[in-house]
Protein chains: 2
Amino acid sequence: MPSNLNRSLIKNLDLFKSLSDAALDSILETAQVYRLLTGDAAFRQGEVADRFFVLLHGHLKVVQVTPDGEQVVVRYVNPGDVFGIARAMRRPNYPASTLAVQESLALSWPSTEWDDFTATNPHFASNALQTVGQRLHDAHARIQELSTEEVEQRVARAILRLVDQSGRQTPEGIVIDFPITRQDIAEMTGTTLHTVSRLLSAWKDRGLVISGRKRIVVCAVDNLIRLAEGPHTSTPQPTDAKV
Amino acid sequence: MPSNLNRSLIKNLDLFKSLSDAALDSILETAQVYRLLTGDAAFRQGEVADRFFVLLHGHLKVVQVTPDGEQVVVRYVNPGDVFGIARAMRRPNYPASTLAVQESLALSWPSTEWDDFTATNPHFASNALQTVGQRLHDAHARIQELSTEEVEQRVARAILRLVDQSGRQTPEGIVIDFPITRQDIAEMTGTTLHTVSRLLSAWKDRGLVISGRKRIVVCAVDNLIRLAEGPHTSTPQPTDAKV
DNA sequence: CGTCCCGTTGATCCCTATCAAATGTAGTGG
DNA sequence: CCACTACATTTGATAGGGATCAACGGGACG
């Protein structure tokens with residue numbers, strides 16, 4: 001029972017929205033605090049999904065390993081996000097590993113309590129459905145990108161998404177607020193670190209980004225958006241044709 | 001209120017599992033029957049998601065259109081599947097179109113009744129979460145394939161999945177039990193109809209499949225599984241080395 | 001101050017998209 | 001029943017985007 005946690009912070013999380021104060025207290029009663037150092041895993045792919053989590057602070061990445069050892073980054077977990085809810089979807093094991101990319105703090109409960117939570121508060125299950133629905137939507141967007149777009153568009157989109165979720169304004173531009181490598185971006189977009197490096201170099205030359213070791217700053221968001229939208233094969237501009 | 005529907009058929013659907021007979025009756029009371037001819041849409045991408053559905057008979061395909069007109073097949077809907085539940089995930093519009101690829105029959109309810117259903121039966125929401133969880137799992141598997149595998153593997157996998165879901169045994173082999181084109185498979189796997197055609201031709205020469213206009217029969221499932229697993233870059237066989 | 005990890009950059013190759021055209025098949029209407 | 005049409009499929013030729021192979025450079029951390 002973590003006593004010194006900021007209750008209002010937790011109260012505003014999507015998952016717990018519209019829970020009564022009493023219900024919230026009772027839930028927090030059984031929460032366990034997880035402190036993760038960079039590189040630590042909250043859980044690993046294949047393990048029995050016996051706990052679920054809410055991230056309070058820091059950033060995690062969710063990675064899937066293929067049978068022949070290649071990795072795919074499924075998503076990044078931001079503060080406020082729920083993760084590790086495999087059991088709620090009746091999947092016995094975690095489908096991916098979740099690793100801290102910086103020092104992070106999470107709350108966690110035994111998966112067995114999920115049903116209690118949903119029984120206690122009808123909104124809980126509905127909120128979860130919404131969350132998973134959002135993830136499904138994101139996954140479909142990604143499938144569409146992988147199926148129809150070129151590497152440069154995909155990388156541009158991936159970076160824009162990161163900026164959107166975890167961007168912090170600086171004098172130079174918007175920086176992605178946690179350490180991220182070329183390899184990570186390659187694993188998000190289905191390409192290689194070499195290609196990502198070349199793209200970032202090219203963009204740097206054009207003044208769109210600044211980037212260094214595990215660090216990316218976007219200077220010209222608009223231009224990046226244009227890249228993400230592709231080569232504009234033929235947008236027939238109706239100039240001044242009469243209707 | 002469709003009176004002549006086989007109740008036991010509906011009773012066994014995942015979504016309605018463990019509903020009381022009374023609850024089921026009350027739900028069926030408000031169901032509307034949809035008859036769809038080949039090519040008909042249950043709904044179209046972008047429309048307000050005002051109804052949800054259960055497929056009783058036939059096959060539908062769910063397609064997303066990109067801004068520049070390319071199509072992606074999201075999945076096929078099989079008898080017993082729920083579809084069109086965007087609203088339950090709090091998405092106001094359908095994210096894709098759902099088209100009949102053969103004559104089909106579905107039940108449908110107004111999205112507004114979803115909440116009544118879940119309130120009436122606590123298992124309902126949980127079942128839905130499981131369903132969406134399965135779809136998320138499938139989507140991630142597909143992302144992994146698109147990111148790390150070659151076209152031949154992906155096409156092999158796609159066909160195996162179709163065989164699994166909708167295969168019917170025939171003297172020649174297992175046939176995919178609804179009309180499907182090279183283009184459809186290309187849109188499932190992120191490639192072109194040309195490449196799919198070449199692959200199927202090659203497989204036909206090797207005796208793995210028989211295929212014609214909108215028709216695919218798998219003769220040698222095992223060989224196809226081997227293809228799906230890839231070039232086996234280096235499975236170091238420990239022959240008889242001592243440990 | 002050395003070592004590890006991350007990033008950069010060149011050279012080469014090949015898978016697969018693209019372009020192009022012919023063939024085959026179901027359906028339709030006269 | 002056959003000609004006509006629309007759509008599916010096949011197959012060849014070509015080119016190019018990116019993966020792969022290879023090597024070096026550079027910053028961070030112990």
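Each chain gets a letter, A, B and so on, in the order the sequences are listed, and its residues count up from 1.
- Relative orientation of the A/Phe53 and A/Phe43 rings is tilted, given thresholds of 30° and 60° on the angle between their planes.
- Rounded to whole Å, atom P of C/dG7 lies 8 Å from atom NZ of A/Lys214.
- Regarding B/Arg182, its CZ atom lies at a distance of 19 Å from the P atom of C/dT23, rounded to whole Å.
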Between A/Asp205 and A/Trp203, is a side-chain contact (heavy atoms from CB on, under 4.5 Å) present by the stated rule, with each step listed? CA-CA 5 Å; A/Asp205 293 344; A/Trp203 294 349; over 6 Å; no

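- In this structure, the CZ atom of B/Arg215 is 10 Å from the P atom of C/dA26, given to the nearest Å.
- For the pair B/Trp203 CH2 and D/dT10 P, the computed distance is 13 Å after rounding to whole Å.
- What separates CG of B/Leu146 from C1' of D/dA19 is a distance of 17 Å, to the nearest Å.
- Rounding to whole angstrom units, CD of residue A/Glu149 and C1' of D/dG17 are separated by 15 Å.
- In this structure, B/Leu199 atom CG and D/dA8 atom C1' are separated by 17 Å, rounded to whole Å.
- Side-chain N or O atoms of A/Thr189 include none that pairs as donor or acceptor with a backbone N or O of A/Val155 at under 3.5 Å.
- Contact annotation for B/Ser197: base contact, defined as any heavy-atom pair under 4.0 Å involving a base atom.
- Taking 4.0 Å as the cut-off between side-chain N and carboxylate O, A/Asp184 and A/Lys61 count as a salt-bridged pair.
- Considering only the side chain of A/Ser201, C/dT8 comes nearest among D/dT10, D/dA19, C/dT8.
- With hydrogens and angles ignored, the 3.5 Å screen pairs no side-chain donor or acceptor of B/Arg182 with any backbone N or O of B/Arg198.
- To the nearest angstrom, P of D/dA8 lies 15 Å from CG of B/Leu200.
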When you check every protein heavy atom under 4.0 Å of nucleotides 20-30 of chain D, what one-letter string (B, S, -) results, 5' to 3'? BBB---B-S--

As a quick check of understanding, evaluate side-chain contact (heavy atoms from CB on, under 4.5 Å) for A/Val62 and A/Val77, giving each step before the final call. CA-CA 7 Å; A/Val62 182; A/Val77 180; 3.7 Å; yes

